[in-house]
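Okay, structure first, notes after.
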Amino acid sequence: MGSLMNENETVRIEDESKEAITYVNGVRRVLPDGLAHLTLLEYLREIGLTGTKLGCGEGGCGACTVMVSYFDQNLKKCVHHAINACLAPLYSVEGMHVITVEGIGNRKAGLHPIQESLARSHGSQCGFCTPGFVMSMYALLRSSKEPPTEEQIEESLAGNLCRCTGYRPILDSFRVFARTNNALYTNTSLQGITAGEFICPSTGKPCSCGTKVESSEETIKQNLSNAGDWRPFSYNETDGTTYTSKELIFPPELLSRKLTYLSLSGSNGRKWYRPLKLQHLLDLKARFPDARLVIGNTEVGIEVRLKGIHYPILISVAHVPELNHIRIEDDGLEIGAGVKLSQLVDVLKKVRNDRPEYETSSCRALIEQIKWFAGTQIRNVASVGGNICTASPISDLNPLWMATGAKFRIIDCKGNVRSCLAKNFFRGYRKVDLTSSEILLSVSLPWNKPFEFVKEFKQSHRRDDDIAIVNAGMRVCLEEKDKKWVVSDALIVYGGVAPLSFAASKTSDFLIGKIWNKELLLGALKILGEEIVLKEDAPGGMVEFRKSLTFSFFFKFFLWVCHQMDGQPSFLEKVPASHVSAVDSSVRPSISSIQDFEIRKHGTSVGSPEAHISSRLQVSGEAEYTDDAPMPPNSLHAALILSRKPHARILTIDDLGARSSHGFVGIFLAKDVPGKNMIGPVIADEELFATEFVTCVGQVIGVVVADTHENAKLAARKVHVEYEELPAVLSIEDSIQANSYHPNTERCMIKGDVEQCFQSGQCASIIEGEVRVGGQEHFYLEPHGTLLWTVDSGNEVHMISSTQAPQKHQKYVSHVLGLPMSKVVCKTKRIGGGFGGKETRSAMLAAAAAVPSYLLNRPVKIILDRDIDMMIMGQRHSFLGKYKVGFTNAGKVLALDLHIYNNAGNSLDLSLAVLERAMFHSNNVYEIANVRINGKACFTNFPSNTAFRGFGGPQGMLIAENWIERIAVEVNKSPEEIKEMNFISEGSVLHYGQIVEDCTLGRLWNELKSSCDFINAQNETDNFNRHNRWKKRGIAMVPTTFGISFTFKSMNQAGALVQVYTDGTVLVTHGGVEMGQGLHTKVAQIAASCFNIPLSAVFISDTSTDKVPNASPTAASASSDMYGAAVLDACEQIKARMKPIASKSNFSSFAELVSACYLERIDLSAHGFFITPDIGFDWKTRKGNPFRYFTYGAAFSEVEIDTLTGDFHTRRADVLLDLGFSLNPAIDVGQIEGAFVQGLGWVALEELKWGDKAHKWIPPGCLFTCGPGNYKLPSLNDVPFKFNVSLLKNAPNKKAIHSSKAVGEPPFFLASAAFFAIKNAIKSARTEAGYSDWFPLDNPATPERIRMACTDEFTKLLVDSDFRPKLSV
């Protein structure tokens, strides 16, 4: 063997290789030198495998999931793992087989059973996240010796996010592969099953988990969940063909190939080394003391991508045997620093089962903590040593290593080994007891002694795949002395309360020698409060909550130890029955669901629960999105130059650094814009490129283009801008104080006489208060993106964009380039989610990229990174509502005086329309005789907020439900009683003058109340709360109504182009955009039914501005109504032309009729058009009919909260919606489920944190929550345990196509049922503590807000009972 010499000498290693080999989908690939800067994802997409998506770039969403297979030298077998391709360095998969979604099945060769099941079960809506889910499930099946359990399936999906479906159909589609009844996986017949009964795909027995379908004259039966039982596969490590005939095998070459030492390079001076022996590693470390050691790259990858840190030398230690062993020894476990977390868990579980229970207390604590450590993809690659040496102050495992008494073995470059106790290893913020010449070799975890107890704790915003707010590892050893149990040793360690994992040594010392009783508890809490000090402006904020968690965790630990000791002689500290729930682990049952609807068929297709017409393309990764489009030759990539100040004057722009940057091509500022620099969807109040002033962090100053995406970003970062800072408005309160509003945005609605009512004495009570409503990030899985190119040397501009409004892209680009709109074409095939976020803001991005494309006459692509997308593209508006409400002693509302403000940001965008929609919905479903609503759009120094599902309606309704709840407290009635007595009904006149027609609210409410057995549910909840002190349950019912139409009258128009071909197929182009909501599917169903042909005979083309001009954005839930009607109009025109021919003969098929028409020279193409009738609202008279009709709904929810930590579960959600005669009930149910879970995020999980007065630890105007690491969407673990969705039956809507109703936005607000159920659970906890008065609860009801509202003896040590955690509004 050779040796590594000094830095200038040649490296000589036996079997060193400059050729890296990997297999991708069975194809051998040689990875040349020079690619060390690439991730696996970048490489896959460069070679055309675009099914693997870039969703976030930090391993937080799972869209990039692939499976890697390799031969494990320790286990001596092939292993299969799901990993995040966005974090995996390309050379890290050398010697492995990478399988992407394209490798397991496709539309032409046939889908894999996983793909087939997902497509059939309606588990793919926008489809962008779908390949990631498929590959996570595929990796689980390939790595399982027997069919996995439902729990294993759910756990395998913890690292995958979906914004569209609400997860239920995804889980249902994968359940068919689960093992809960072996009869389904053997040849055993299932006896006793009646023909036609629904067979549960999980248990193999008759059950009600499938779809309930009501029959009528025109009804067919179909199950939403796929009840087909796939044949079981027999496990084989290398040969996947035993599962399906097309499965890829593990390449034989990789089985026999010997791994080699790698020394490879990349751009920007990057070097990649892969040593195979410890000595090689030590030599490299001696040569490169500052080199970063990597295995999974889960920390370094994020630092490089998000923090712009450059690490020139990376050393992969994944194949160093001495770092990758786990040895079971007499005194404990010896765990190599390179051992992956998933591998560690497997060994810990084996040890737990094999050894005496008392010895494995530490093992069990580690197993539980790792369960909530990131997602499966991260655990499959993240190493023990990497997590330790990162030294994060919120590391989940370091407090446990410290508490358990673990020792770290450390080796230096000369081979000297020393040991260090874990508790002494951490020196400061991300500083450890390692010199530059040392590496961590292994961890020694001792077995536990009898009566030694170790327990883990963690509280985060979300249970699954989330970083800790506070975590802890606690150990205590008891021994019996004089018939009393005394603490002989203890160590209490916290994460998240200091710059490092913090050993509470004073508290630990206090415990030793004390009897384990309540006196010890009280004394320890006192010392703990003194020992842990968090300053008000501590990074991370939530200071009071974090301190409360230190108390709560220790209290839980005290109770847990008491519970463990129960039954021991002389142990007298019993846990009261009402306290046991504080220490019981929450066992999450598998999700159960019912989808209950009727099918009203109309023709061949309308009314049928058809699968999304692109679902088979989406599950196979073949569906193309903007970033998947092939780049034309000579293309460039664009990156934005962004403001770093919330309000400032631009003094100078220095682009010298950018111009000298590698790959740089050009920089473009306001002076370079060929046309006009002022843009805006309603009024042009926004600069494309800032000139003299910037008014928010993230405002675009210019754009840089370069040869690659990374080079463009690097060059943009090198542009230096000098500012003169100016005062900034950073909240609605700031705006009110500074009188900072957008011009001409004050609105007022009046009904009756509010003042007269207040003063007349009619009102028995008058209450006043304010409601703060938090914002929400769209987090469409596909980031914003556009690809532009010129045609005829710049005479025309074409583009492909991810947008809900291609016409706005066309308009903006023509405007900034000075071209007529007729020379600009925008096309959109599909988008990976929009939710309103791609209605207007995306056009700015297209316009910015259009400038260099036009001036350079070269194609330009711009794709935003997730953090930039979240920072600059706007969110749901936060609101402030100040109400004054008068009512009778019975609870009848007589008068409402409301001042409502939204945080518009630095440009108007759609904020005025959002404000108006909020005002329209500020009564929710309640009839009020006297109403006065004043609204203002606040100018603040934040990026412009924009449309989001509900468009202001949910904010207005949430404010209303808050004062309804308060009235209930005042008159001592249930909120449901107050709601019922104030419902609108047929003929009610709303506060804007519209008369209520066809009102199904009362019927719908009563049906839901009966089906959820509300009274019994209330009794069961009360009974639970009486018997449990530290866990509480709450229930709530919430109604909603949503007006359907754009409130700007001229936007209520739609066009479509229908073309019939001589083979009998139909091509439809319309102005709407498919973003997962099933619009194209419904439109195709309408066309198919009109022509009486199969759905498969209709194809929907790209949405394109050169086919259908002047189209309104796909928004306001009105697209199916409008575009469906426009398509129907075109089809009817063609049918009318065909009718004379059809009447002459009985044609055997539609194709034969079409051919006959062609021969007779009948025009088989038609343009259809539709305008929504009978709508219009006049803001001068404040009267009119802004909406064509209303969609009504109601929801029931039951939750359980942990009052000590703020954690919560939604135990049940029942949703009932009136959708008329559904065009496609399967798609509509999917929209309801997705909207509910997205709404659950808004009311309970997703919190935006901006640099404002409430968050001084964040730089002013900056967004802290700008990625999945800090911003938490609901995951699969947040779906209600029981999730039932029903559509109101026999309720046709005469005002929309085929008697249907719109569905996209109306269900969103119904998730507030969970919010108010949480509030009711908190109310129970407060009442038990002696606080029965009204209390406010802001949304989102995060663990912080839940915990701090549950006033008890621990919170009283920190705050008063009326404490209100900070919120950015």
Okay, side chain of Lys1272, backbone of Pro1268: is any donor-acceptor separation there less than 3.5 Å?
-> yes
Starting from the C-alpha separation in whole Å, work towards a yes-or-no answer on side-chain contact (heavy atoms from CB on, under 4.5 Å) for Ser643 and Tyr723.
-> CA-CA 9 Å; Ser643 162; Tyr723 305 93; 4.2 Å; yes
Short question: side chain of Asp867, backbone of Gly1267 - any donor-acceptor pair under 3.5 Å?
-> no
Would you check, one step at a time, whether the test salt bridge (Lys or Arg N to Asp or Glu O under 4.0 Å) holds for Glu303 with Arg292?
-> CA-CA 12 Å; Glu303 289 178 333; Arg292 291 303 297 261; 3.5 Å; yes
Does atom CZ of Arg747 have more than 12 heavy-atom neighbours from other groups under 6.0 Å away?
-> yes
Minimum heavy-atom distance between Thr626 and Leu787, given as atom pair plus value = CG2-N, 4.2 Å
Which atom of His778 lies closest to which atom of Phe835, heavy atoms considered = CD2-O, 3.7 Å
May I ask you to check whether over 12 heavy atoms, not counting those of Glu536, lie within 6.0 Å of atom CD?
-> no
Search all heavy atoms of Phe942 against all heavy atoms of Gly1261 and return the closest pair with its distance.
-> CE2-CA, 4.0 Å
Atom of Pro783, atom of Asp869 and distance for their closest heavy-atom approach | CA-OD2, 3.6 Å
Met873 and Met844: CA distance, side-chain angles, deciding distance, side-chain contact (heavy atoms from CB on, under 4.5 Å) verdict = CA-CA 9 Å; Met873 300 307 280; Met844 172 268 289; 4.0 Å; yes
Say whether Ser907 and Ser944, considering side chains only, have a donor N or O and an acceptor N or O under 3.5 Å apart.
-> yes
Please say whether the positively charged group of Lys53, taken as NZ for Lys or CZ for Arg, lies over the ring of Tyr625, i.e. under 6.0 angstrom from the six-membered ring centre and within 45 degrees of the axis.
-> no
Any side-chain donor near an acceptor of the partner, Thr840 and Asp909, under 3.5 Å = yes
